[in-house]
Protein chains: 2
Amino acid sequence: MLISTKGRYALRVMIDLAEHRTEDFISLKGIAQRQEISEKYLESIIRMLVKARVLESLRGKGGGYKLRKPPEAYTVGSILYLTEESLAPVACLEEGADACAKAAKCRTLPLWQGLDKVIREYLESVTIADLMERGTAGDDYVI
Amino acid sequence: MLISTKGRYALRVMIDLAEHRTEDFISLKGIAQRQEISEKYLESIIRMLVKARVLESLRGKGGGYKLRKPPEAYTVGSILYLTEESLAPVACLEEGADACAKAAKCRTLPLWQGLDKVIREYLESVTIADLMERGTAGDDYVI
DNA sequence: ATTAATTCCTACCTTTCCGCTAGGGTTATA
DNA sequence: TATAACCCTAGCGGAAAGGTAGGAATTAAT
């Protein structure tokens, strides 16, 4: 498994905020209820999004969160990179992994690099706006 | 991380056998030494390959393993599917996963299905023979 | 001033999987 | 008869996933 619940939940938050996009801020409580995620757990996920300036937040009464930019400005990849430890398909490509001593002679390294590239490119090719459209437009998309 | 050591070791076994391809059978011991993998651990991995009839085996003196077909006949995907529990990028796509109650309305399911497809297609597009060429031909491949 | 909300921190817990290690018995073949 | 594959079981240490729990500080609308 490549994508953890953290990443999936982060995407659901983004979609939720995109669908309820108004001038108002959306409270964590509301998102948690709609998405059926514990408030406490969601808090830790949303904090990452705020820190990365993906979301704007407002404290106090009437506070909450909103997207800083329109949904089409956020790729799925950009969100997942914030919440996932790593999206590398194998350990040796993870950030901070010790450079493998055998890398120069490795028969499989190019394979993993290629796989990594394919995954990145796909995740960068889809935006939050794309996710909104799918699933509402009559479910007639084909994968 | 998507690919475990089991899968990576399986590929290294396939490459090793492809590179030492003769009429003779190659012993587990030899593979283990060259690849620096414990014999016991390797045994469990190779057993999967034999069971799936990817490898031919011979017992007794002079025994060991060899590829049944030429290296270009095996895709990386076909090998990984044997050793990996699952190559699904998210839990809900794993075989045997309970069908998600929200699947029909899920905003992200198509995303994961698309990602899954991209991964599968890539892994099916590379063969063991491809892995052999890379890394020997002067390291001038570009990813 | 009060209330409602985010923010920030720490600590802990359970479960699952990974990557092995260890041991020993059985069977086939040169 | 030595040598190899075959087959099974058991366990284990570490890491990560997926949370839960609780509290304290800050901010803003009313």
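Order of the sequence lines fixes the chain letters, A, B, ..., with proteins taken first and strands second; residue numbering starts at 1 for each chain. Bear in mind the structure is a predicted one, so any value in this text is a computation, not a measurement.
- Residue-level contact check: B/S38 touches the backbone only, with heavy atoms under 4.0 Å from sugar-phosphate atoms and none from bases.
- Salt bridge B/E124/B/R120: absent, no basic N to carboxylate O contact under 4.0 Å.
- Salt-bridge formation is not detected for the pair A/E85/A/K6: no Lys NZ or Arg NE/NH1/NH2 atom is positioned less than 4.0 Å from an Asp or Glu carboxylate oxygen.
- Of the two residues contacting DNA chain D, namely B/G64 and A/E39, the nearest-nucleotide position lying further toward the 5' end is that of B/G64.
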Discussion item. Does the protein touch nucleotides 21-30 of chain D at the base, only the backbone, or not at all? Give it as B, S and - per nucleotide, heavy atoms under 4.0 Å.
Written reply: -BB--BBBS-

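- Going from atom CE of B/M1 over to atom C1' of C/dG19 covers 10 Å, rounded to whole Å.
- Here the side chain of A/R47 is nearest to one of C/dC9, D/dC6, D/dA4, namely C/dC9.
- One can place CG of A/L2 at 11 Å from P of D/dA17, the figure rounded to the nearest angstrom.
- Separating the OH atom of B/Y41 from the P atom of D/dT9 is a distance of 18 Å, rounded to the nearest angstrom.
- No option in B/T127, B/L49, B/L123 other than B/L49 meets the side-chain contact (heavy atoms from CB on, under 4.5 Å) test with B/I79.
- Applying the side-chain contact (heavy atoms from CB on, under 4.5 Å) test between A/L28 and each of A/E43, A/K40, A/Q33 identifies A/E43 as the sole match.
- The phosphate of D/dA17 (OP1 or OP2) has no side-chain N or O of A/Y9 nearer than 4.0 angstrom.
- Between A/R12 and A/D16 there is no salt bridge, since no side-chain nitrogen of the basic residue lies less than 4.0 Å from a carboxylate oxygen of the acidic one.
- Residue A/T5 has a polar side-chain atom (N or O) positioned under 4.0 Å from OP1 or OP2 of D/dG18.
- One can place CE of B/M48 at 17 Å from P of D/dA5, the figure rounded to the nearest angstrom.
- Within 4.0 Å (heavy atoms only), A/L28 reaches sugar-phosphate atoms of the nucleic acid but no base atom.
- A/M132 contributes atom CE, which lies 9.0 Å from atom CZ of A/R21 (distance to the nearest 0.5 angstrom).
- Contact annotation: A/S57 does not reach the phosphate of C/dT6 (side-chain N/O to OP1 or OP2, under 4.0 Å).
- Atom CG of A/D24 is separated from atom C1' of C/dT6 by 16 Å (rounded to the nearest Å).
- Distance, B/R8 CZ to C/dC20 C1': 13 Å, rounded to whole Å.
- C/dC20 atom P lies 11 Å from atom CG of B/L42, rounded to whole Å.
- A/E94 contributes no side-chain N or O that, together with a main-chain N or O of A/S86, makes up a donor-acceptor pair within less than 3.5 Å.
- Here D/dG18 presents its P atom at 12 Å from CD1 of A/I37, a figure rounded to the nearest Å.
- Contact annotation for B/F25: no contact, since no heavy-atom pair falls under 4.0 Å across all strands.
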